[in-house]
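First up is the structure itself, then whatever we jot down about it.
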Amino acid sequence: MAKYAIPEPKIQTLPIVGSDEVFPVRRVYCIGRNYAAHAVEMGHDPNKEDPFFFQKNPNNLNLTGNFPYPPKSSDVHHEAEVLVALKSGGTDIQYSDAMSHVFGYALCFDMTRRDRQGEMKKAGRPWEIGKAFEHSAPCGPIHRAADIGHPTEGEITLMVNGEVRQRGDLNQMIWKIPDMIAYLSSFYELAPGDVILSGTPSGVGPVNKGDVMRVSLDPLGHLEVNVI
Ligand code: MN
């Protein structure tokens, strides 16, 4: 095998509940505006759009329990989401077969530099600096589908400093998990290690240093993250 000319980049992994094994991450896909009430709060008509996706980087996933407030923004928002981890992939996956590719689920945040994202939207430019920055996806361990099944409903709640900010139900997702897998696989080749952040309910808003964010969803427990 050829020797690397520079230090080898680390493969990002996620812990798995009840296991010594870890889940290696290949790509991080994120869907936008997947809850109707959130689409409306962002100024869009939820009935008129195909799904759309952006990506974060695997090493933006952050398991430290802390979210360092990023530079170059003064309006960083919480978006509480469910991460879907794939154990297999392919192209043109059929809806009816899509769920057979799911390994498990985790709680996570799609932290967003909303001011920067807004500027990029206005200019018709890519969103990356608003979305794919260091530590921008705090997340918890993966719960295997083999252990918890495939949740399709249940209240997802986000509290900041003990006050409810976001509340929705998984059954309100416009594009369900098999829809997302089938749609993504028509544009990309999905593969083991890919994860999908499945969108956020309404109620997104700013956080500040010192805040404590806590997201909960029944079969996944809760995840607490400090803004530092
Ligand atoms: Mn999001």
Side-chain angles (χ1 to χ4, degrees), residues 14 25 27-46 49-63 67 69-70 73 75-86 105-121 125-140 142 151 154-160 164-177 179-181 183-184 187-188 194-207 211 213-217 220 223 225 227:
L14 297 176
V25 179
R27 290 186 188 170
V28 181
Y29 295 102
C30 310
I31 190 169
R33 298 174 206 141
N34 200 26
Y35 287 74
H38 174 59
V40 171
E41 79 179 349
M42 298 303 287
H44 299 274
D45 181 340
E49 292 187 331
D50 273 351
F52 68 93
F53 293 83
F54 56 92
Q55 291 184 43
K56 295 204 184 215
N57 301 294
N59 63 7
N60 296 151
L61 295 168
N62 162 8
L63 292 150
F67 170 70
Y69 200 95
S73 177
D75 190 27
V76 175
H77 280 203
H78 53 76
E79 296 192 1
E81 313 211 354
V82 174
L83 177 153
V84 182
L86 302 187
Y105 302 89
L107 291 169
C108 73
F109 290 92
D110 166 18
M111 300 302 293
T112 303
R113 283 173 170 139
R114 193 71 76 203
D115 42 3
R116 294 300 178 167
Q117 183 196 28
E119 290 164 12
M120 293 300 112
K121 279 185 190 175
R125 292 179 183 162
W127 291 7
E128 262 74 9
I129 61 167
K131 288 290 194 178
F133 54 91
E134 311 314 325
H135 318 292
S136 63
C139 65
I142 294 180
E155 189 176 275
I156 180 166
T157 305
L158 169 84
M159 298 197 294
V160 178
V164 174
R165 296 275 185 87
Q166 293 189 261
R167 181 174 274 160
D169 195 292
L170 280 192
N171 67 16
Q172 296 166 341
M173 288 197 294
I174 299 167
W175 303 95
K176 311 294 185 195
I177 291 160
D179 292 312
M180 289 186 253
I181 293 170
Y183 188 87
L184 273 171
F187 287 93
Y188 300 102
D194 289 350
V195 304
I196 304 169
L197 271 55
S198 56
T200 198
S202 61
V204 298
V207 292
D211 286 347
M213 309 185 289
R214 186 183 196 275
V215 58
S216 58
L217 171 68
L220 303 182
L223 168 67
V225 176
V227 183

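Atoms within a ligand are numbered from 1 in the order they appear, just like the ligands themselves.
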Non-neighbouring partners of Glu119 that pass salt bridge (charged side-chain N to carboxylate O under 4.0 Å, His left out), sequence neighbours left out: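 For Glu119 the salt bridge (charged side-chain N to carboxylate O under 4.0 Å, His left out) partners, ignoring immediate neighbours, are Arg116.
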
Assign the ring pair Trp175 / Tyr183 to parallel, tilted or perpendicular, where the plane angle (0 to 90°) is split at 30° and 60°.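 Tilted.
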
I'd like to know if the side chain of Glu79 and the backbone of Met111 have a donor-acceptor N/O pair within less than 3.5 Å.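 Pair absent, no side-chain N/O of Glu79 close to backbone of Met111.
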
For Trp127, enumerate each residue passing the ring pair (Phe, Tyr, Trp, His ring centres under 6.0 Å) test, keeping only those at least two apart in sequence or located in another chain.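 Once residues adjacent in sequence are excluded, the partners of Trp127 under the ring pair (Phe, Tyr, Trp, His ring centres under 6.0 Å) criterion are Phe52, Phe54.
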
Aromatic ring centroids of Tyr188 and Tyr29 under 6.0 Å?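 Between Tyr29 and Tyr188, which both carry aromatic rings, the centre distance is below 6.0 Å.
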
Return the set of residues passing side chain to side chain contact (heavy atoms under 4.5 Å, CB included) with Asn171 (not counting sequence neighbours), or none when no residue passes.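 Side chain to side chain contact (heavy atoms under 4.5 Å, CB included) check on Asn171 returns Glu153, Asp169.
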
Identify which protein N/O/S atoms are less than 2.8 Å from the Mn ion (ligand 1).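 Counting only protein N, O or S atoms under 2.8 Å from the Mn ion (ligand 1), the list reads Glu79 OE1, Glu81 OE2, Asp110 OD2.
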
